[in-house]
There are 2 protein chains.
Amino acid sequence: MDAAIGRPRLFDEEAVLAKLTDLFWRQGYGQTSMTEIVRISGVHKPSLYRTFGTKEQLFATVLRRYLAERIAMFAALIEQAGPGVEGVHRFVELFEVDAISERGRDGCLMVMASNELRGTLPGYDFSKIYRRQMREQIRTLIVRALPEGEADSAIAQARTDLLTTYLLGLQVIMRSGADPRSTNTSTLCMSPSTRGKARCA
Amino acid sequence: MDAAIGRPRLFDEEAVLAKLTDLFWRQGYGQTSMTEIVRISGVHKPSLYRTFGTKEQLFATVLRRYLAERIAMFAALIEQAGPGVEGVHRFVELFEVDAISERGRDGCLMVMASNELRGTLPGYDFSKIYRRQMREQIRTLIVRALPEGEADSAIAQARTDLLTTYLLGLQVIMRSGADPRSTNTSTLCMSPSTRGKARCA
DNA sequence: ATAATAGGGTACCGTTTGGTACAGAAAGAG
DNA sequence: CTCTTTCTGTACCAAACGGTACCCTATTAT
């Protein structure tokens, strides 16, 4: 186990990472200075550097943590939504409830990072992994709403891509300060008249 | 009109703005330093400041210019696409051709700015204007594909929102480095088997 | 006790940042 | 020609940046 030699840490790593996740999420990477990170975390700079490495490495840790949490959330929502076409509708509803929440107003940290760090920082790799895993989750949801044997069909892929892309777009919209009521598309799209054919993918 | 007193400018403002638009588009606002702006534009710092003001004001000018250009592009694509449901499909195809282009790989400057500058810089206001105008364009496209008298229906609004959100998501995906071939959803979604009901909005 | 180990906190480092003062150069106006 | 106006370009500024050296304190091992 951990030898636990020397002075014990006075702060909880997980709690600090959670606070810093919110901070980066709100402000982005470049707009967040180490000074601010120190202020929010309550941990002094040298301790941060000893524990998490450079600002870049710290952000990578935050992203890794967020990625796992986010994918888990997707899995939970999909399970909660249930099978069939109804499940797809219910999933989108659940997703939009989250998007309207206080945290959801800031969009998605992963989307933000991939937009900001295009090639320059480690967040770029994470964004690809994130999108691939997110797409895989959506795919299981879609497949469960299709007739058997269509799991690998073109329709399954098209609907998966469309829904994935839509959800990413929704997070962009939320972060750009949209009025939640005016952009709640699913309730409209799922009205009786369009239900069934509405959520084509 | 312009008195033209004093030494004439040695650089073309429009050309410089075009170059800097590409620069900001690629790198974002925070990751682009004045030093780099000087290098790319070929104009020395004091001249830039006299002409465009601070970095923040310069970026605002770039955004304003991009906004107008972008909305004009939307209008052109919609006109080129033609009316009816076929027009919607054709529009999405045209849009995706642009998204796959070299410039399109960097996503949308407006989306990028709204993600990065959330509240801190003038880009935030522009992003709202952009989204509203973009949505308005999409709406005209959608309405032309619906039966008469349905212009203000719930379906029209829902389909407008869905397509708008999808297009924003597409730009996020492109910027995050997706393989253009694997994410070209429209060709799949518009295959004969799904055509008609596929593009529900 | 005492040595060894590791975190806490101050004070500081070199660099880079956005932004400017100032002197010289090029144009029109009288 | 000379005065005024505007742009160019060097050289520079204070402030903020990410990152660290160093000393002190708290803990375990012997």
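In what follows, chains are A, B, ... by sequence order, proteins preceding strands, each numbered from 1. In this text the structure is predicted, and so the values were computed from the model without any measurement.
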Spacing between Leu58(A) atom CG and dG19(D) atom P, to the nearest angstrom: 10 Å
Taking salt bridge (charged side-chain N to carboxylate O under 4.0 Å, His left out) as the definition, give me every residue that meets it alongside Glu148(B), ordered by chain and number, with sequence neighbours left out. none
Of all residues at least two apart in sequence or in a different chain, which pass the ring pair (Phe, Tyr, Trp, His ring centres under 6.0 Å) check with Phe91(A)? none
note: Lys55(B), atom NZ; dT17(C), atom C1'; distance rounded to Å ~ 9 Å
5'-most by nearest nucleotide on DNA chain C - Pro8(B) or Gly53(B): Gly53(B)
Any side-chain N or O of Arg7(A) less than 4.0 Å from the OP1 or OP2 oxygen of dT25(D)? no
Which whole-number value in Å describes the distance from Arg9(B) CZ to dG9(D) C1'? 15 Å
Quick one: pull up CD in Glu96(B) and CG in Leu167(B) and give me the separation to the nearest 0.5 Å. 8.0 Å
What does Thr54(A) touch in the nucleic acid at a heavy-atom separation under 4.0 angstrom: a base, only the sugar-phosphate, or nothing? sugar-phosphate
Where each residue is assigned the nucleotide of DNA chain D containing its nearest heavy atom, which of Leu48(B) and Gly6(B) is assigned the position nearer the 5′ end? Gly6(B)
Can you list the residues that meet the ring pair (Phe, Tyr, Trp, His ring centres under 6.0 Å) rule with Phe95(B), with sequence neighbours excluded? Phe74(B)
Partner set under salt bridge (charged side-chain N to carboxylate O under 4.0 Å, His left out) for Arg9(B), not counting sequence neighbours: Glu13(B)
With five pairs defining each end axis, the helix from dA1(C)-dT30(D) to dG30(C)-dC1(D) comes out bent, to 10°, by 0°
Partners passing salt bridge (charged side-chain N to carboxylate O under 4.0 Å, His left out) against Glu136(A) (at least two apart in sequence or in another chain): Arg139(A)
Does anything in residues 20-35 of chain B form a side chain to side chain donor-acceptor pair (under 3.5 Å)? List the pairs, not counting sequence neighbours. Asp22(B)-Arg103(B), Gln27(B)-Thr32(B), Gln27(B)-Glu36(B)
Quick one: does any side-chain atom of Arg144(A) pair with a main-chain N or O of Gly82(A) as donor and acceptor, under 3.5 Å? yes
Let's test your reading of the model: under 3.5 Å, does the base of dG8(C) pair with the side chain of Arg50(A) as donor and acceptor? yes
Who are the salt bridge (charged side-chain N to carboxylate O under 4.0 Å, His left out) partners of Glu14(B), not counting sequence neighbours? Arg65(B)
Roughly how many Å is it from CZ in Phe52(A) to P in dG19(D), rounded to a whole number? 15 Å
Phe11(B) CZ to dG9(D) C1': how many Å, rounded? 13 Å
Between dT20(D), dG18(C), dG8(C), which nucleotide has the shortest distance from any of its atoms to the side chain of Leu10(A)? dG8(C)
Heavy-atom contacts under 4.0 Å between residues 25-47 of chain B and DNA chain D, which residues? His44(B), Pro46(B), Ser47(B)
